[in-house]
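Structure, as C-alpha cells:
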Amino acid sequence: MNLYEYKAHELSDMLRKKEISSVELTNSVYERIESVEPKVEAYLTLNKEAALKSAAEVDRKIAGGEELSRLAGIPIGIKDNISTAGLRTTCASKMLENYVPVFNATVVDKLLSCGSVITGKLNMDEFAMGSSTENSYFKKTCNPFDTSCVPGGSSGGSAAAVASGEAVVALGSDTGGSIRQPASLCGVVGLKPTYGSVSRYGLVAFASSLDQIGPLGRCVKDVALLQDVICGHDKMDATSANRSYTSSFDALTGNVSGLRIGIPKEYFGSGISPEVKESVMSAVNDLVKRGATVKEISLPSTGYALSAYYIIACAEASSNLARFDGVKYGYRCANPESLLDMYERTRSEGFGREVKRRIILGTFVLSSGYFDAYYKKAKLLQNRIKAEFDAAFNDVDVIVTPTSPYEAFKFGDKLDDPLAMYSADICTVTVNIAGLPAVSVPCGYSKSGLPYGMQIIGRRFDEPTVLNTAYAHEICFGGFKAPEL
C-alpha cells in the first residue's frame, strides 16, 4: 500500500514507531494529488512548502523523543471557508478570490499546535451555499467514484479529497448537511458535531445559528481523533459551549448491546430511493444482531423542516453577507460612478447566482410586512423540531435515517432546478435546526458502484455514543472502499 492509502490512526502508530516519517507521508499525499487532482479537482490552493516544513518539524520532535498528539504529522485538508493565516481563503467566490487572512480559525490553531500538516484549501459551493459543489466560482469538483457525478456539497472538495487519497482527513462545515451529504455521496465518514462544541471563530459565516465545523475521514476512528482535537470551549466564539468533553476516540468499543435505535417513519417515505432505504435497514439489522433494539418513532414536523431551514438560513445569509460591499475587503467593481453604483455592481459581479438567490430570499423574509409571516414562524417551528427530538430521545439513544435520499447525481441534473437541489438536504437539515450531533457512514452501493450513506443522530454533546454506533456498523459493513481512479 502507498502511505496515502492508510488511515490516520494507522499512520499515527507508524510515525510513533518510526516506521515512516511525516515528510515521507506528506510527499506521498502530494504525489497522489499530482496524479489524480486533474480528475478530481478537490483543491483550490496547495500549501506544499509550508506542509513539508511542518512535517520535518514533527520528524525532528519524534527523533528527539517528544510526546506528540496522535494527529501530529498527519496531512489534513481544510475547507476554503475556514481562515488560514497567510494562505488564501476564498469561500470559492470571486468576491474573495485574492483574500489572504492574517489570522487562523481556532480549529486551525488547534491542528497546528498538535503538529498536523495542512495540505491546502479545498473546493466548495460558493459561501457554502449548495449541495453539489457546482456553485464554486473556480471549478467543479468531481466524485471520485464516478467523475461524471457530483461529490455533494457544500463540502464536496473535502469529501472528494479524503475519498481519493488527496488528504488523509479533512475539515468541512455543515449548515444543513454540508459535511454529511457529500460524505454519503463520496463513501466516507463525516460528522456534524453538536452546535457549540467546536469553535466557529474564523469560519466565514453563512447562517450563524446553524453553521458548524466538523471532521471527515475514511473511518470512524479517524473522525473521532479529529473531533477530539477540534472540540472544546473558545472564548472567541460567543456560541461556544463552556463544558468538559469526554474522548470520542476512547469511547469506540463497538459494543451496542442494549442500545435503543429509533427509526423515524417520516424519513423513509416518498422521495427516498428504495435502494437507499434497503441499505439503511440492512445496516440497522446488523446492529440488532450485535444487541441493539429498534423502535419506530415519529417526528411529525419533519415535513416542514426544509421550508423552515431555507427561511432561517437565507435570512441569516442576507445579514452575514452584507459586509461584502466593495468597501472594506474583497472584490470591488471597476470604475464605479457613485457609492451606490459600487455597492450594486460589486455585489452583482462578485456573487454567483445561487448566493444572490439566497440573499434576495433572505432579505425578503426579513422585510417589513413579511418578517412575522415567514421568519418568525420558521423560528417557532425550529423550537417545535427541537422539542420533538428531545421527546424522542426519552425513548431511544440514537436515531437512524438515510443521509441522502439518493446516490450521487450527474453534473447539471439539478443545477437549473433549485427546489430539486434543495431536496437533497431533506434528511439532514433537521439536525442543524435542532443543534444535534450526527454522523454519516457508508452503508451500501448502487448497482453502478456509487455509495449510500446512513445517518446516525444523537443527543446534544453525545458524540461518543453516535460515533460508537457508527463504529459498530463499520465493523459489520467493512468500512471504506477506495474508488478506482
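Please read these numbers as outputs of a predicted model, since none were measured by experiment.
Within the 3.5 Å criterion, the main-chain N or O of A50 finds a donor-acceptor partner in the side chain of S54. With hydrogens and angles ignored, the 3.5 Å screen pairs no side-chain donor or acceptor of N81 with any backbone N or O of A205. For S136 (side chain) and E126 (main-chain N/O), no donor-acceptor pair under 3.5 Å exists by modelled atom type. The backbone N or O of A160 sits less than 3.5 Å from a side-chain atom of S164, completing a donor-acceptor pair. Remark: the backbone N or O of S22 is paired with a side-chain donor or acceptor of T26 at under 3.5 angstrom. Between the side chain of S83 and the backbone N or O of F103 there is at least one donor-acceptor pair closer than 3.5 Å. A donor-acceptor pair is defined here as one N or O able to donate and one able to accept, closer than 3.5 Å; such a pair exists between the side chain of H473 and the backbone of P442.
F324 and F127 have their aromatic ring centers within a separation under 6.0 angstrom. Centroid-to-centroid, the aromatic rings of Y452 and Y445 stay 6.0 Å apart or farther.
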Please step through side chain to side chain donor-acceptor pair (under 3.5 Å) for the pair R180 and T428, ending with a clear verdict. CA-CA 8 Å; R180 290 159 289 150; T428 54; 4.7 Å; no
Test L15 against I62 for side-chain contact (heavy atoms from CB on, under 4.5 Å), laying out the working first. CA-CA 8 Å; L15 285 166; I62 290 175; 4.2 Å; yes
Are L122 and E166 close enough, and set up right, to give a side-chain contact (heavy atoms from CB on, under 4.5 Å), and what steps lead you there? CA-CA 10 Å; L122 295 160; E166 294 186 81; over 6 Å; no
Kindly indicate, with the supporting measurements, whether the criterion side-chain contact (heavy atoms from CB on, under 4.5 Å) is fulfilled by R218 and V189. CA-CA 6 Å; R218 280 176 237 146; V189 181; over 6 Å; no
Determine, stepwise, if the pair E474 / Y471 fulfils side-chain contact (heavy atoms from CB on, under 4.5 Å). CA-CA 5 Å; E474 188 175 75; Y471 182 57; 3.8 Å; yes
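The minimum heavy-atom distance linking S279 with G444 is given by the pair OG-CA, 4.1 Å. Taking both residues in full, the closest heavy atoms of P215 and Q227 are given as CD-OE1, 3.9 Å, listed atom of the first, atom of the second, then distance. Between Y43 and A167, the closest heavy-atom pair is OH-CB, 3.7 Å. Closest approach of C231 to K110, counting heavy atoms only: O-NZ, 2.8 Å. Between V276 and P405, the shortest heavy-atom contact is CG2-O, 3.8 Å.
Between M454 and T401, every side-chain heavy-atom pair lies at or beyond the 4.5 Å cut-off. A heavy-atom distance below 4.5 Å is not found between the side chains of V168 and I76. The side-chain heavy atoms of T346 and D325, taken from C-beta on, include no pair separated by under 4.5 Å. Between T194 and E463 there is a side-chain heavy-atom pair separated by less than 4.5 Å. Taking 4.5 Å as the limit, every side-chain heavy atom of I261 sits out of range of all side-chain heavy atoms of I399. Under the 4.5 Å side-chain criterion, counting only non-hydrogen atoms from C-beta, L210 is in contact with Y309. In this structure the side chain of H9 reaches within 4.5 angstrom of the side chain of R70, judged on heavy atoms. Counting heavy atoms from C-beta outward, R358 and F206 have side chains that approach closer than 4.5 Å.
Residue E66 qualifies as enclosed at atom CD: its count of foreign heavy atoms under 6.0 Å is above 12. In E19, the CD atom is crowded: over 12 heavy atoms of neighbouring residues, nucleotides or ligands sit closer than 6.0 Å. For K328, the NZ atom sits in a packed shell: over 12 heavy atoms of surrounding residues, nucleotides or ligands are nearer than 6.0 Å. More than 12 non-hydrogen atoms from other residues, nucleotides or ligands lie less than 6.0 angstrom from NZ of K356.
Ring planes of Y406 and F409: perpendicular class, angle over 60° (limits at 30 and 60°).
A salt bridge is absent between D80 and R88: the closest approach of a Lys/Arg side-chain nitrogen to an acidic carboxylate oxygen does not fall below 4.0 angstrom. Salt bridge absent: K53 and E57 never bring a charged side-chain N and a carboxylate O closer than 4.0 Å. Taking a cutoff of 4.0 Å between a charged side-chain nitrogen and a carboxylate oxygen, D234 and R200 do not qualify as a salt bridge. A salt bridge links R16 with E67; the closest basic N to acidic carboxylate O contact falls under 4.0 Å. The existence of a salt bridge linking E354 and R357 is confirmed by a sub-4.0 Å separation between a basic side-chain nitrogen and an acidic carboxylate oxygen.
The CG atom of L44 sits 4.0 Å away from atom CG of N123, with the distance rounded to the nearest 0.5 Å. Atom CD1 of residue I118 and atom CG of residue L46 lie 13.0 Å apart, to the nearest 0.5 angstrom. Note that the OH atom of Y137 and the NZ atom of K94 stand 4.5 Å from one another [nearest 0.5 Å]. Distance CG/D211 to NZ/K192: 10.0 Å, rounded to 0.5 Å. Expressed to the nearest 0.5 Å, how far OG of S21 lies from CG of D59 amounts to 4.5 Å. Here the SG-CG distance, from C149 to N143, works out to 6.0 Å after rounding to the nearest 0.5 Å.
Considering T45, N47, T84 as possible partners of K121, the one that fulfils the side chain to side chain donor-acceptor pair (under 3.5 Å) test is T84.
Geometrically, R32 does not engage Y30 in a cation-pi contact, judged by NZ or CZ lying under 6.0 Å from the ring centre and within 45° of the ring axis.
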